[in-house]
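Taking it in order: structure first as structure tokens, then the write-up.
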Amino acid sequence: MNINVKGSKDNYDIFIKNNLLDNLEDYLDANKNYIIIADDQIPNIYIEKVKKFCINNFIIRFPAGEKSKSIKQYSIIIDKLIDNLVKRDSVIIALGGGVTGDLAGFVASTFYRGIEYIQIPTSLLAQIDSSVGGKVAINSNSVKNAIGSFYPPKKVLIDPTTLTTLPKRHFNNGMAEMIKYGMIYSKDFFEEIKANNVLENIEYYIYKSLRIKKHFVESDEFDRSIRQILNFGHTFGHAYEAYYNYDKYLHGEAISLGMLEIVNEEIKPSLLEILIKYNLPTKDSTSKKVLIKLIKNDKKNTSNYLNLICVDAIGKGYIKKIKISEL
Ligand code: GLY
């Protein structure tokens, strides 16, 4: 299954295929120099598969986790590229989850003013969300994704069989973003996820999720208007993540709680049912006052207004501009 994403500068293709990693010669150019960037938790088998098809390659590993999206880690990687005489026509391969895609993509966007990169996402969250759309970033000391750019990959290669080695908790973490797509864009998709075993037909569900993401990214590449609907659940979700210092909840888990904060009583039971099905959290004792204070102090809020993403009927996300003081 393929999807083409149109951008203002370039278009790029997403390929979704079981066992794609065993047929990389169909997607990579044997004459190019590749730099594989992966964290230290990625199974070696995936590294070996990619290496096999990149004759000229070298590998950069970094410690797994959000803390590696730092200026320090960015600088370490840049130094390694320079020490290894990487040239502008080399291609970076981001092999891994969301952190890897964001970090390696940001390196690619800035190294010698930009070199090509390919996303090979191996977590469900990266496969259905972060590897597509060109958002790449690292964190400042106090603000997540404070330093970044819009820099689309050359292509995105998705092998759903990598999900077989993903711990269940991380699979469910990605499911939160899939549920979000249903909530904001398609009641039918929401009902399908609720009724069926997604893992049994995962290629199809990744494809359907990315069709929805494509719609938002192509309509508003630079996140000025409707792409923000993809942030449904993120206002409170980010507050939960920050409150627990990014330790207690994975991103999708925090988003699950964030979605529950926003919906009305009419659709809440459906959302609860699907979150419970995928073992996602539905309760947290943090007081609303504390969360709202965190949202108010979010350094990314430049004005007195906030674009809150709302869903009053499943499948219909919209932006509601509110005064932060009204939250
Ligand atoms: N993950 C939300 C976006 O790409 O805009």
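We count ligands from 1, going down the list as the structure has it; atoms in each ligand are counted the same way. Just the heavy atoms: all of them, side chains too, but no hydrogens, waters or symmetry mates, feed the values below.
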For a quick check under 3.5 Å, do Thr286 and Tyr244 share a side-chain donor-acceptor pair by atom type? yes

Is the terminal nitrogen or CZ of Lys180 (NZ for Lys, CZ for Arg) located under 6.0 angstrom from the six-membered ring centre of Phe232 and within 45° of that ring's axis?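 So Lys180 doesn't make the cation-pi contact.
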
Under 4.0 Å, counting heavy atoms only: does Asp223 come that close to any atom of ligand 1?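 In this structure, Asp223 fails to qualify as a contact of ligand 1 - no heavy atom is under 4.0 Å.
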
Asp159 and Lys49 ion-paired at < 4.0 Å: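 No, Asp159 and Lys49 are not salt-bridged.
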
What do you reckon, is CG of Asp247 surrounded by more than 12 foreign heavy atoms closer than 6.0 Å?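 Counting neighbours around CG of Asp247, more than 12 heavy atoms of other residues, nucleotides or ligands fall under 6.0 Å, so yes.
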
Is there a nitrogen or oxygen of Arg227 sitting under 3.5 Å from a nitrogen or oxygen of ligand 1?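 Yes.
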
Record the part of Asp129 in heavy-atom contact with ligand 1 below 4.0 Å; permitted values are side chain, backbone, both and neither. side chain

Nearest heavy atom to atom 4 (O) of ligand 1: which of Lys213, Lys135, Gln228, Glu221 does it belong to?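 Looking at heavy atoms only, Lys213 sits closest to atom 4 (O) of ligand 1.
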
